[in-house]
Participant: 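Encoded as structure tokens, here's the structure I'll be asking about.
Protein chains get the first letters and strands the later ones, always in sequence-line order, with residue 1 at the start of each. Note that the structure is a prediction, hence the values are computed from the model and not measured.
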Amino acid sequence: MRVNSHHYIQMKLSQLSPGERATIVSFTDLEMSVKLMEMGCLPGEEVEIERFAPMGCPIAIRVAGYQLCLRKSEASIIIIEQ
Amino acid sequence: MAGNIKIALVGNPNTGKSTLFNLLTGLNQKIGNFPGITVDKKLGYCKLPGDRQAEITDLPGTYSLYPKSKDERIVLQVLADSNNPSHPDIVVVVADATNLRRNLLLYTQVADMGIPTVLALNMTDMAKKEGIDINVNKLSERLGIQVVPISARSNTGMDLLKQAINNTTRIATQAEGTDLHLMAPEAVEAAKKVLKTDNGYLALQLLHQHEPLSIFSAEQHVSLEEIKKVHHFESSKLQAAETIARYRYLGTVLSGVIEDTGAVRKFAISDGLDAVLTNRFWGFLIFIAILFFIFNSIFSWSTYPMDMIEYAFVWLTEYGHQHLPDGLLTNLLLDGVVAGLGGVVIFIPQIAILFAFISILEDTGYMARVTFMMDKVMRKFGMSGKSVVPMIGSLACAVPSIMSARNIESWKDRIITIMVAPLVSCSARLPVYTLLISLVVPQKMLWGFINLQGLTLMGMYVISILAAVFVAFIMKFMIKAREKSYFIMELPVYRMPRWTNVLYTMYEKSKTFVFEAGKVIIAISIVLWVLATYGPSERFEAIDKKYAAIEAKKDSLQVSTLERDKAAERLENSYAGILGHVIEPAIRPLGFDWKIGIALITSFAAREAFVGTMATIYSVDNDGEVATIRNKMRGARNPDTGLPVFTFATAFSLMLFYAFAMQCMSTVAIVFRETKSWKWPVIQLVYMTGMAYVASLIAYQLLK
């Protein structure tokens, strides 16, 4: 977690809890980022954590007007700011 | 354009592409194979205005032309290779109007391949309901192609779509949209020369992924690799840049085209359902209840049609025996081929019912939630959330379940699922279990309310599921992954199932099963018939002579059982019987004699053959009641010791053997078909039979 010059808090998508919203900033895994962007997870796009699966993973998010689910490990490559 | 044309349907998953395909082609479709790969090719025909015919290929759903799974790779393969038999004259891109921007990403890629394209905006009625207004004319103008609003679900816009296809020119009209000039321009120019194409995007695509395509010569592959090295072609970076550029382009295309006035929250109903259906507590409970209902239905609904099929084949055999000239050819036809065919057809009701449920669960969007809930559990055992469906289906029958494992993207997850699914006790083991349990487990109540026999039966099912999970866990460490397993998946909005799709799925899966597995089953049935019918001629002559003598004496007591005794003795001296004697030393440590040995051999065809073989061997009329078989088996004594053959130890050992051994040639055939190699069915056959042997050995030696 770090605070940038605009005083936004940057962290990983996997660190959010259900109901929280954030904006995608960047990705830490290039290969995975292609897949995520194809599915509509673009930098600048707003995401909302919808729910966790009963065992805590995967997680369901709302992005680009639809619902997407991904594992926590995959969510951890998405850097977001709130 | 005159004459017949080829059309390919391309689109994201969950856009109603298959519904559109079914609407356009009706039952006029067939499943073929794309050369060299497991994925089915769905092909159909459709009449166009002006008496023209269109050949329509339904390509697998994908989010982009950069494939992540085997299915998706075909899309590029078909579009990039103008010599591919499925290479289309026109591409119809199917896009979900309720989520246009993400859907159009694929459109921009396909359009850049330079093939004439029509855009079908599906679910326009839904979009309108959600307050999304799309200016179709403006969109069409900006993209430079015909855009047709349709609704496959309510069957509207089909005539317009056919008209649009008819009006499409041979020359692609789409506007050059995304700015691709910054994507490795030197490398693209060099690749264009190697590939002899003037399409820059095609060259770029092939620089990214020419390896899996077999359409190029070895030199071309080498020079493409050379170009990549010289120009520092960074694949992932370029793909990311391309995706961003495409979305930027779509931003300008869609500005002023889409008006979203949906003030109300669109997903309220779906979210409400999710809150219950994927709830920490209710989620699993509801899932188990649905499973129970499906499992129960597969059993109860299929009983009647399966009985009918059985009677029909018995009638056919009897009728044939009465009306065809007696002889070996007749016997081979009726007892070999027809019996084998019966063994195939009998599975159709269960296959159709299972796939009806799977298709309903998928169509409504519930299956995606099951996958979502179960992923973490299944991953511990080397599988993925998507393995749940085939594992459950195997309680009824492994054959359709293995077929349904096809939508698992990760190769490793899919292979493990296919390899362990047949361990889950299927319905064919049920008659074996019930016969043996009734033989050795007393009909008693435990603490007054638990049926001891029922408890044993449930125990067999639990053992089988534990075995599947255990083997999966071991295979997780033995099989190398070919690609990174990922789980980035759309959770579609809940919808009502489309009943015609359900019917198509039932029809299509049953047909595939009968034709694909049927061939192998009939072949093996014939071999088994020959083994059980023939024996060394001197032995058979001796039997014939012996019974002729008895008949001549006309001893009424002996004559009444004559045919049965003779049949039993012939079986003992047939090649199958001899084989039983041969394998006896190997199976004696498990507590089995040669008679059980014959049953093991005949059961390779199908496990159900156990009861029938036992009936024949213990000289009981085929249509005799189970009680008689049971009594005969109970009375069977070991000739050396005089002790009963079917002790608790033998019966339990035999049940374990049937639980674990691969005695189902339909499964072997389908695993071969699904993995396109003999390696996996052979490994499966060996490990399951080995496991069965060891388990039975341990059980018998401990219990005897």
Participant: If the threshold is 4.0 Å, N to carboxylate O, is there a salt bridge linking B/Lys17 and B/Asp96?
Facilitator: no

Participant: Indicate yes or no: does A/Glu38 engage B/Arg246 in a salt bridge with an N to O separation below 4.0 Å.
Facilitator: no

Participant: Let me know if B/Phe284 has heavy atoms under 4.5 Å from chain A in its side chain, its backbone, both or neither.
Facilitator: side chain

Participant: Name all residues meeting the ring pair (Phe, Tyr, Trp, His ring centres under 6.0 Å) criterion together with B/Phe233; count only those two or more places apart in sequence or in a different chain, and write none if there are none.
Facilitator: B/His208

Participant: Check whether B/Tyr247 gets within reach of chain A through its side chain, its backbone, both or neither, counting any heavy atom under 4.5 Å.
Facilitator: side chain

Participant: Measure distances from A/Leu42 to the heavy atoms of chain B and classify the residue's part below 4.5 Å as side chain, backbone, both or neither.
Facilitator: side chain

Participant: Against chain B, label A/Glu74 side chain, backbone, both or neither, depending on which of its atoms sit under 4.5 Å from a heavy atom there.
Facilitator: side chain

Participant: Restricting to non-hydrogen atoms, name the atom on B/Glu242 and the atom on B/Leu204 that form the minimum distance, rounded to 0.1 Å.
Facilitator: OE1-CD2, 3.8 Å

Participant: Check whether B/Tyr63 forms a cation-pi arrangement with B/Arg102 (NZ or CZ under 6.0 Å from the six-membered ring centre, at most 45° off the ring normal).
Facilitator: no

Participant: Against chain A, label B/Leu105 side chain, backbone, both or neither, depending on which of its atoms sit under 4.5 Å from a heavy atom there.
Facilitator: side chain

Participant: For chain A, find which of B/Glu490, B/Met373, B/Met374, B/Arg101 contributes the most heavy-atom pairs closer than 4.5 angstrom.
Facilitator: B/Glu490

Participant: Against chain B, work out which of A/Ser73, A/Ala75, A/Ala60 has the most heavy-atom pairs shorter than 4.5 Å and name it.
Facilitator: A/Ala60

Participant: May I have all residue pairs that pass side-chain hydrogen bond (donor to acceptor under 3.5 Å, both in side chains) and include part of residues 369-386 of chain B, sequence neighbours excluded?
Facilitator: A/Arg71-B/Asp375, B/Asp274-B/Arg369, B/Arg369-B/Tyr494, B/Asp375-B/Arg379, B/Lys386-B/Glu409

Participant: Return the option, out of A/Pro58, A/Pro43, A/Gly40, with the maximum number of heavy-atom pairs under 4.5 Å with chain B.
Facilitator: A/Pro58

